[in-house]
Trainee: 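Dropping a structure here in structure tokens format, bear with me for questions.
Given the structure is predicted, the values throughout are model-derived calculations rather than measurements. Just so it is clear: chains get the letters A, B, ... in the order the sequence lines come, proteins before strands, and each one is counted from 1.
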Amino acid sequence: MSESDEISSTEDLGTLLKVRRDKLNQLREVGVDPFGSRFETTHAPGALRENFQESMTVRVAGRITALRDMGKSQFLDLSDLNGRIQVFVNKNAIGDEAWQIMKLLDIGDWIGVAGETFITKTGEPSVKAAEVTVISKSLRPMPSKWHGVVDPQIKYRQRYLDLIGNERSREIFRKRSLMVAEIRRYLQERGFLEVETPMLQDVPGGAAAQPFQTHHNALGMDMYLRIAPELYLKRLLIGGFEKVFELNRSFRNEGVSRRHNPEFTMLEAYWAYADFEKMADLVEDLICHLAETFCGGLQIEHRNSEGDVTKVIDLSRPWRRAPYRELVADVAGNDWWDLDTKAKRERCNQLGVEISPEMEDYEISQQVFEKLVEEKSINPIFVTHVSKELVPLAKTNVKDGSIVDVYELIINGAEISPGYSELNDPDVQRKRLEEQAGEEIQKIDEDFLLALEYGMPSAGGIGIGIDRLAMMLLGAESIRDVILFPQLKRKE
RNA sequence: GGAAAGGUAGCUCAGAGGUAGAGCAGUUGGCUUUUAACCAAUUGGUCCCGGGUUCGAGCCCCGGCCUUUCCA
């Protein structure tokens, strides 16, 4: 492979890039491949420091994240995702040729080190290098060594720099990954099968949201990215998959905010013969299990950038369960549900809840709920039995036909998880979807309604917003801090 | 879509109409147990972009781009 020495993007950074390019060329001149390949390791930097023993012969690889040059010896920090190990390099020990190579290394370069472990006189676990292998030369300067990257644009557009520079970000994404793995394990252990259903859908269903539209050329048809996997997972219930789940990416073509990314990760699970209350038990147990495993307990502390605790979420069980109407009445007056639409509007003015003129009666109540209940609920609460209009895919309550057998789990002022007793009557389902479709101009998924006519077992279903769950458990204030590559506007 | 705040060296940030600044990073020299290494010297700028006001604009005005927060 031949490589060009002329890289146009080196012009703008001037000297800093030129210096590193010069070192790159010097490495080649002394016969060192600046972009090496395989390097066998015996230990990883973080793990080695964690389980340190003296006088071991080790081979470690990692990125140089600090370099303290003492003249005829150097200390450098070799880092991986989980931590760092100090490497001590002595001119006499490695010889003149290798020492010359050491002088061509920078913070940011990847190297492999073979040597023996020892503890310095200041007590730092270290590796005394006998041999150093260049694994990859870094041609651009690293972020500030103790501020890391602060600029949100760089943080999100060049996440790798954020990960290199910010311990906190590494921690969030490492834990998020482990949490998702644990969710899988938890469900599989309880007999749930993980499945994959279409992201490209003919009729986007399972939620009320604007879809992204696309087009299939060969089939000559417009298609949509899914807004939820729900209707396909229910088809699997019909097919006899009694416990299923999908950890899915879904897409909603709506606003972008602190709590919304156009693509987001969701868990959906369905459990035949269960109902929404059994699903609430499951979700409560799962989230507490995650908190105990990854957050050291059920008291979740959120901290600001100075490290002061700004919020404590108490996940102690049992979590409160209360009907929607009771919660709204608590904040809007015991007579709320007896008021007509006009009186509700006046009450909203008194309460300082902004509503728009075109809102229907149930939407006004929903607005009160969102502003005065949801946003103010930090500790978990299962809000049960919401108005029928809000949830067209759940069973109507037997005693009160205006509400449905569902919960909405609120934690940290945001909806984390909905759970339903799933509607399995095909005729009622058709009617409810038609009522909703009338308002939102949505297509009815006829294929789903056909499937329902073959018989869907009674079932409980849940969704869990994984991004919001991660925010809550890991103390992130923005969804962008728990999504590796959040959506941003194109630059220029 | 609307409102507010922000965009200055590679990074983090000062700069309140009068010569463009600091710390870190980089470079050079010194130093063989340092860890935000230290000591000395030093390089580095399209002040987001485009107009305007002014003798003079990083700063004031107008328009645009991007980011953040709040609202819809």
Trainee: Tell me which nucleotide, if any, is Watson-Crick or G-U wobble paired with A14(B) when both distances must be under 3.5 Å.
Mentor: none

Trainee: Strictly by salt bridge (charged side-chain N to carboxylate O under 4.0 Å, His left out), give each pair with a member in residues 50-61 of chain A just once, sequence neighbours left out.
Mentor: none

Trainee: What distance, rounded to whole Å, do you find between the two C1' atoms, one in U27(B) and one in A9(B)?
Mentor: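 One C1' to the other, the span is 15 Å.
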
Trainee: In the structure shown, which nucleotide is the Watson-Crick or G-U wobble counterpart of G26(B), with both distances under 3.5 Å?
Mentor: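 Looking at the geometry, G26(B) pairs with U42(B).
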
Trainee: Does Asp77(A) reach a base, just sugar-phosphate, or nothing at all? Heavy atoms under 4.0 Å.
Mentor: nothing

Trainee: Classify the ring geometry between Phe382(A) and Tyr407(A) as parallel (under 30°), tilted (30 to 60°) or perpendicular (over 60°).
Mentor: perpendicular

Trainee: Across all strands shown, which nucleotide pairs with U35(B) by Watson-Crick or G-U wobble geometry, both distances under 3.5 Å?
Mentor: none

Trainee: What's the gap between U28(B) and U43(B) when it is taken at their P atoms, as a whole Å value?
Mentor: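 The answer is 14 Å between these two P atoms.
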
Trainee: Is any N or O donor-acceptor pair between the side chain of Thr120(A) and the base of U34(B) shorter than 3.5 Å?
Mentor: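 Answer is yes: a donor-acceptor pair is held.
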
Trainee: In the structure shown, which nucleotide is the Watson-Crick or G-U wobble counterpart of U67(B), with both distances under 3.5 Å?
Mentor: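 Result: A5(B).
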
Trainee: When the P atoms of C66(B) and C13(B) are compared, how many Å lie between them, rounded to an integer?
Mentor: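 It comes out at 22 Å once rounded to the nearest Å.
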
Trainee: Whether Glu124(A) and Arg49(A) form a salt bridge (side-chain N of Lys/Arg under 4.0 Å from carboxylate O of Asp/Glu) is what I want to check.
Mentor: yes

Trainee: Categorize Lys489(A) for me: base, sugar-phosphate, or nothing, with a 4.0 angstrom heavy-atom threshold over every strand shown.
Mentor: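 Sugar-phosphate contact only - Lys489(A) comes under 4.0 Å of backbone atoms but never of a base.
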
Trainee: Using the P atom as the reference point in each nucleotide, state the distance between G51(B) and C11(B) in Å, no decimals.
Mentor: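 Nearest-Å result for G51(B) against C11(B) at atom P: 26 Å.
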
Trainee: Using a cut-off of less than 4.0 Å, is there contact between a side-chain N or O of Lys91(A) and OP1 or OP2 of U33(B)?
Mentor: no

Trainee: When the C1' atoms of G50(B) and A57(B) are compared, how many Å lie between them, rounded to an integer?
Mentor: 15 Å

Trainee: Please give the distance between the C1' atoms of U69(B) and C62(B) as a whole number of Å.
Mentor: 25 Å

Trainee: For A4(B) and G21(B), measure between their C1' atoms and round to the nearest Å.
Mentor: 29 Å

Trainee: Donor-acceptor pairs under 3.5 angstrom involving side-chain atoms of residues 158-166 of chain A: please list them, not counting sequence neighbours.
Mentor:
| from | atom 1 | to | atom 2 | distance (Å) |
| --- | --- | --- | --- | --- |
| Gln158(A) | NE2 | Tyr160(A) | OH | 2.8 |
| Arg159(A) | NE | Leu484(A) | O | 2.7 |
| Arg159(A) | NH1 | Asp162(A) | OD2 | 2.8 |
| Arg159(A) | NH2 | Arg480(A) | O | 2.6 |
| Arg159(A) | NH2 | Ile483(A) | O | 2.7 |
| Arg159(A) | NH2 | Leu484(A) | O | 3.4 |
| Asp162(A) | OD1 | Lys155(A) | NZ | 3.2 |
| Asp162(A) | OD1 | Asn166(A) | ND2 | 2.5 |
| Asp162(A) | OD1 | Ser169(A) | OG | 3.1 |
| Asp162(A) | OD2 | Ser169(A) | OG | 2.8 |
| Asn166(A) | OD1 | Val149(A) | N | 3.3 |
| Asn166(A) | ND2 | Val149(A) | O | 3.0 |

